[in-house]
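Working notes, beginning with the structure itself.
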Number of protein chains: 2
Amino acid sequence: MPAPQAPTGDDDRTKPQASLWERLARPAPAPRTTLTPHRIAEAAVEIADTEGLDAVTMRRLATALGVAPMAAYRYVSGKDELIELMVDFVYGRLPLDAPAAGWRDTMRILAVHLRAMNLAHPWTVRAAAASLSPNQLAVPERAFAALADHGLDADTTMAVFRTVTGYVHGSVAAEIALQDLQRDHGWSGGDETRAALAPRMSFLMNTGRYPAYQRYLHEATRKDDPTWQFETGLDCVLTGIATHLGI
Amino acid sequence: MPAPQAPTGDDDRTKPQASLWERLARPAPAPRTTLTPHRIAEAAVEIADTEGLDAVTMRRLATALGVAPMAAYRYVSGKDELIELMVDFVYGRLPLDAPAAGWRDTMRILAVHLRAMNLAHPWTVRAAAASLSPNQLAVPERAFAALADHGLDADTTMAVFRTVTGYVHGSVAAEIALQDLQRDHGWSGGDETRAALAPRMSFLMNTGRYPAYQRYLHEATRKDDPTWQFETGLDCVLTGIATHLGI
DNA sequence: ATCTGATGGATACAACGTACACATCGGCGC
DNA sequence: GCGCCGATGTGTACGTTGTATCCATCAGAT
């Protein structure tokens with residue numbers, strides 16, 4: 001792996017590794033053309049929303065922008081940065097200024113909004129990596145502001161934030177995995193899904209390995225209410241934070 | 001999109017869509033050759049563990065097995081099923097029979113083991129989809145068995161399970177995202193990572209958008225203790241379940 | 001010994017990310 | 001007003017990927 005600094009023949013004033021967000025914040029040196037990071041992100045997000053993340057191809061994106069396949073590479077260094085840009089774009093739409101009374105309300109509303117965002121853009125679950133983009137950082141910022149003045153030290157504050165967002169992320173990931181499975185096979189409702197999965201399921205159940213799970217399958221009545229499931233768990237998490245940390 | 005049933009000229013006794021796990025359970029029609037689903041999964045998992053999930057290509061796998069590129073397609077219908085197989089393989093190594101006293105201990109140990117498994121095979125976080133494989137189903141089975149006889153209805157039992165595994169999955173996903181970032185760039189410790197990220201970070205901090213986050217950066221002392229972070233959050237979650245549901 | 005279905009090999013193709021060299025446009029100094 | 005030069009978009013090409021398809025081969029029942 002060669003040093004990522006100098007590509008080949010370089011001019012002497014080599015730019016010292018400006019990050020994606022740093023470059024974006026520069027005063028837009030020449031906004032004279034049609035292509036801009038914002039337009040790129042917008043187009044890519046629309047493709048991902050309507051056709052899935054796998055449909056976001058550099059060529060497909062170029063077609064949507066009415067531009068040559070390699071054009072976007074002037075603005076993003078590669079597909080990874082494109083996806084960073086997309087994720088930051090949808091985080092930018094997150095409503096973070098909702099009025100709320102107290103840390104618990106703030107965190108609850110934040111969690112509900114994060115879930116809504118992930119459900120509206122299911123690909124974010126697979127795409128989100130280390131959250132170091134401006135609009136992603138705004139989320140812990142909002143949470144920390146709400147959690148200040150409760151006597152928690154910095155580490156515990158972060159633990160609270162991580163606990164809530166961890167729950168949200170994992171929980172929504174499971175929800176979306178099921179949703180993707182349904183979409184890929186064209187199953188619409190919960191009943192239709194169960195009908196399609198029935199052979200697979202009864203094969204597994206007939207092995208006799210899963211008696212407790214089988215009882216759940218018979219007795220559960222809210223299997224098709226993901227919002228209830230999410231919010232029940234969320235209230236457990238919030239209650240746990242309040243009880244365990246005494247705030 | 002044509003019907004996935006008949007490829008071309010088919011013999012009249014078309015197999016009625018047996019699932020991956022159903023096929024695996026059949027009495028191994030002819031175990032006369034070197035290739036088996038177990039060996040395939042084993043080899044693929046080793047590649048993913050040592051070189052990352054992206055290194056698992058059908059050709060790379062075939063080379064590792066000493067076999068032609070298309071050989072594995074006799075056992076898995078495509079790469080998706082290969083990954084299902086890999087995930088089920090590592091779930092099979094999960095120790096689920098640890099003795100535990102009460103539901104809380106059981107769930108706590110389960111969570112810790114799930115985290116350990118994900119850390120040992122970081123690619124599972126990106127790979128895990130709808131958990132309908134035999135060894136994945138064994139996890140809720142174990143949890144449901146421990147949660148029985150506490151007066152919880154089936155839906156609430158599932159909610160408890162989903163809450164814990166949701167927290168684990170999301171929490172570990174964040175931990176591994178950071179770990180991947182470090183591995184991809186060759187940063188070893190937390191200090192080295194922060195040093196490498198410093199320009200990016202100070203650019204973002206200098207925008208003045210993140211005062212609360214900046215305070216956290218200065219005051220936190222356990223930023224490099226992911227186990228403490230995980231277990232602190234886990235105890236919050238478990239306490240919350242106990243308190244909120246009265247068990 | 002022969003037949004047959006299961007197994008692995010060989011070849012091929014479309015689509016992907018992206019490196020590289022080239023054409024073109026518009027604002028700046030003269 | 002004119003020419004220059006860096007910034008922007010284009011064209012072409014290469015290596016790699018998943019996988020469809022056809023072919024050779026082997027084990028075991030007849």
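The structure presented is a predicted model; accordingly, all values stated were derived computationally and were not measured. Chain identifiers are assigned alphabetically (A, B, ...) following the order of the sequence lines, protein sequences preceding nucleic acid strands; residue numbering begins at 1 within each chain.
Look at CG on L35(A): it is 15 Å from C1' on dC25(C), rounded to the nearest Å. The nearest whole Å value for the distance from the CZ atom in R74(B) to the P atom in dG5(C) is 14 Å. Nucleotide dG9(D) holds its P atom 13 Å from the CG atom of L61(A), rounded to whole Å.
With hydrogens and angles ignored, the 3.5 Å screen pairs no side-chain donor or acceptor of D88(A) with any backbone N or O of E84(A). Judged by distance alone, with hydrogens and angles left aside, the side-chain atoms of R209(A) form no donor-acceptor pair with the main-chain N or O of A138(B) at under 3.5 Å.
When all heavy atoms are compared, the tightest approach of G190(A) to D224(A) is CA-OD1, 3.7 Å.
Ring planes of Y213(B) and F144(A): parallel class, angle under 30° (limits at 30 and 60°). Using cut-offs of 30° and 60° for the angle between ring planes, the H121(B) and W123(B) rings count as perpendicular.
Between its opening and closing five pairs, the helix from dA1(C)-dT30(D) to dC30(C)-dG1(D) changes axis direction by 10°, a value rounded to 10 degrees.
The ring-ring contact (aromatic ring centres under 6.0 Å, His included) search around Y73(A) returns none, not counting sequence neighbours.
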In 5'-to-3' order, the base (B), backbone-only (S) or no-contact (-) status of each nucleotide in nucleotides 13-19 of chain D, using a 4.0 angstrom heavy-atom cut-off, is B---BBB

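No side-chain N or O of R115(A) forms a donor-acceptor pair with one of S171(A) less than 3.5 Å apart.
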Please lay out, stage by stage, how M86(B) and I47(B) fare under the test side chain to side chain contact (heavy atoms under 4.5 Å, CB included). CA-CA 11 Å; M86(B) 294 168 63; I47(B) 295 173; over 6 Å; no

